[in-house]
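Just so you know, ligand 1 is whichever comes first in the structure, and atom 1 is the first atom listed for that ligand.
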Amino acid sequence: MKTVLVTGGAGFIGGNFVLRLGRDATLTINLDALTYAGNLDTLSSIKDSSFHTFINGSITDAKLLTRILTEHRPSAIVNFAAESHVDRSIDSPEAFIQTNVLGTFQLLEETRKYWRSLPEAEKKAFRFLHVSTDEVYGSLGPTGKFTETTPYQPNSPYSASKAGSDHLVRAYFHTYGLPVLTTNCSNNYGPFQFPEKLIPLMIMNALKGKPLPIYGTGTNVRDWLFVEDHCRAIERVLEAGTPGEVYNVGGNNEKTNLEVVHTLCDLLDELRPKGDGQSYRDLITYVTDRPGHDMRYAIDATKIKNTLGWEPQETFETGLRKTVQWYLDNDTWCQRVMDGSYRGERLGSAD
Ligand code: NAD
């Protein structure tokens, strides 16, 4: 049976990916440090599964990595583990360097030693997939899209740390021949996302009748992808991607932040109307912009479409409707992940 080591599999995208692997006969070893963003509640449906082993630990721990690799002998590693919130990286960049740069380095280094020791056939079949972001490419003007050859120009401590990790992954292919794959994806949304990110934060604030804070004028543009489409892309790259290659993953859904929040409010007006008959849009307030806020991201996902046949299945409208419904149906998950350390307050204003 196939064994896959997933790092960060108690987080948003990693959690969705692990739940997906749980449907196949794949043995998943899930290594997660359970930071504020990691929640075992996300994995409650597979907690008794013999296909899933959870290990509480960090990708910065070389000894632990060696033990996991020798004991479980995975044929693939998917690296989701990261500090992932731009606003937090503005307030406290150090954790981003520790996990995203040094952690990825440690994981690569222990993987290289393990991979070198494998028999030839297993060595050839082995894959290391690094999950990254479109934010490494910097900010676009009103036109154009990021391709796999767009030069890196990260602007936040988060994107700079992810860029550093991407470069290390690339170097391990060129220097040691480690069969790596990198995916650079746009903004994800969907079930199990920690409510500090735009979409779940707005849903939760709206349901509590709290203000919906829009940074600046709300005109910053992001491309949005439903998390299950991202997980399908990662699966596809893992099974058919060419080692050493980079694949951009995007949803073809460019939206301003204000458009996203308007759509959310309209969905909530329909699915959970306010008692006073007013629209949730009335809760929108404008707050000081994020320092260094990138203006626009857009992904050209032609390569993954043409070479691997991957395309998103959800439109923004269908994906967002599913997401809002999921948050409405899973209030217990939302309450439990907000364990007191984060209460939806403003982060990353650099004051
Ligand atoms: P997340 O913050 O929800 O989850 C990250 C997970 O990593 C958490 O479970 C956390 O406990 C774990 N973790 C943190 N430090 C660790 C360490 N040192 N060792 C082991 N585990 C550790 O993040 P996410 O949104 O699910 O993002 C997952 C990956 O995808 C990240 O690498 C991120 O850069 C990338 N990505 C995210 C998006 C997005 O829109 N969320 C888009 C593109 C790429």
Check: of Ala82, Gly250, Gly190, Ser161, min heavy-atom distance to atom 7 (O) of ligand 1 comes from Ala82

Based purely on interatomic distance, does Thr133 place a nitrogen or oxygen under 3.5 Å from a nitrogen or oxygen of ligand 1? no

Return a yes/no value for Phe12: is any of its N or O atoms, backbone included, closer than 3.5 angstrom to an N or O of ligand 1?
yes

Quick note on ligand 1: atoms under 4.0 Å from a heavy atom of Ser132 include exactly 43 (C), 44 (C)

Per-atom filter on ligand 1: closer than 4.0 angstrom to a heavy atom of Thr35 are 10 (C), 11 (O), 14 (C), 15 (N)

Could you check whether Glu148 pairs with Lys303 (Lys NZ or Arg NE/NH1/NH2 to Asp/Glu carboxylate O, under 4.0 Å)?
no

If you scan protein heavy atoms around atom 19 (N) of ligand 1, the nearest is Ile59 N, 3.0 Å

Item to complete: Take every heavy atom of Gly103, measure it against each atom of ligand 1, and state whether any distance is under 4.0 Å.
Response: no

| query | Can you tell me if Thr28 and Thr26 form a side-chain donor-acceptor pair at under 3.5 Å? | reply | no

Quick note on ligand 1: atoms under 4.0 Å from a heavy atom of Asn187 include exactly 40 (O)

Would you call Glu314 and Lys322 a salt bridge, taking side-chain N to carboxylate O under 4.0 Å as the test? yes

Q) Looking only at distance, does Ser58 have an N or O less than 3.5 Å from an N or O of ligand 1? A) yes

Looking at Ala37, Ala33, Ala95, Ser186, the heavy atom closest to atom 20 (C) of ligand 1 belongs to Ala33

| message | Quick test of your reading of the model: are Asp266 and Arg281 salt-bridged, counting only N-O distances below 4.0 Å? | response | yes

Nearest heavy atom to atom 30 (O) of ligand 1, choosing from Leu31, Asn16, Val131, belongs to Val131

State plainly whether the residues Arg232 and Glu235 are in salt-bridge range, i.e. N to O under 4.0 Å.
no

If the contact criterion is a heavy-atom separation under 4.0 Å, does Leu34 count as touching ligand 1? yes

Count the heavy atoms of every other residue, nucleotide or ligand shown that sit under 6.0 Å from NZ of Lys208, and state whether that count exceeds 12.
yes

Counting from 1 in the order shown, the ligand 1 atoms closer than 4.0 Å to a non-hydrogen atom of Gly38 are 8 (C), 9 (O), 11 (O)

### Task
May I ask whether Phe80 has any heavy atom positioned less than 4.0 angstrom from an atom of ligand 1?
yes

Contact region, Lys162 to ligand 1, non-hydrogen atoms below 4.0 Å, reads side chain

closest protein heavy atom to atom 11 (O) of ligand 1 is Asp32 OD1, 2.6 Å

Indicate yes or no: does an N/O atom of Glu83 lie under 3.5 Å from an N/O atom of ligand 1?
no

(Q) With a 4.0 Å cut-off on N to O distance, would you call Arg127 and Glu239 a salt bridge? (A) no

Atom 43 (C) of ligand 1 sits nearest the protein heavy atom Cys185 O, 3.3 Å

Practice prompt. Look only at interatomic distance and state if Gln193 has a nitrogen or oxygen under 3.5 Å from any nitrogen or oxygen of ligand 1.
Written response: no

Query - Within-shell test, Tyr158 vs ligand 1, heavy atom, strictly < 4.0 Å - result: yes

the protein heavy atom lying closest to atom 23 (O) of ligand 1 turns out to be Ser84 OG, 3.2 Å

* Any idea how Phe105 and Tyr172 line up, ring-wise: parallel (<30°), tilted (30 to 60°), or perpendicular (>60°)? -> perpendicular

* To do: Give a yes-or-no answer on whether the side chains of Tyr137 and Asn248 include a donor-acceptor pair shorter than 3.5 Å.
  => yes

Atom 27 (O) of ligand 1 has as its nearest protein heavy atom Ile13 CD1, 3.8 Å

Item checked: SB check Lys274 Asp269 (cutoff 4.0 Å) -> no

Task: Arg222 and Tyr189 side chains, donor-acceptor separation under 3.5 Å - done: no

The residue among Thr104, Asn184, Thr182 that forms side-chain hydrogen bond (donor to acceptor under 3.5 Å, both in side chains) with Asp166 is Asn184

Original post:
Under 3.5 Å, is there a donor-acceptor pair between the Thr7 and Asn79 side chains?
Top reply: yes

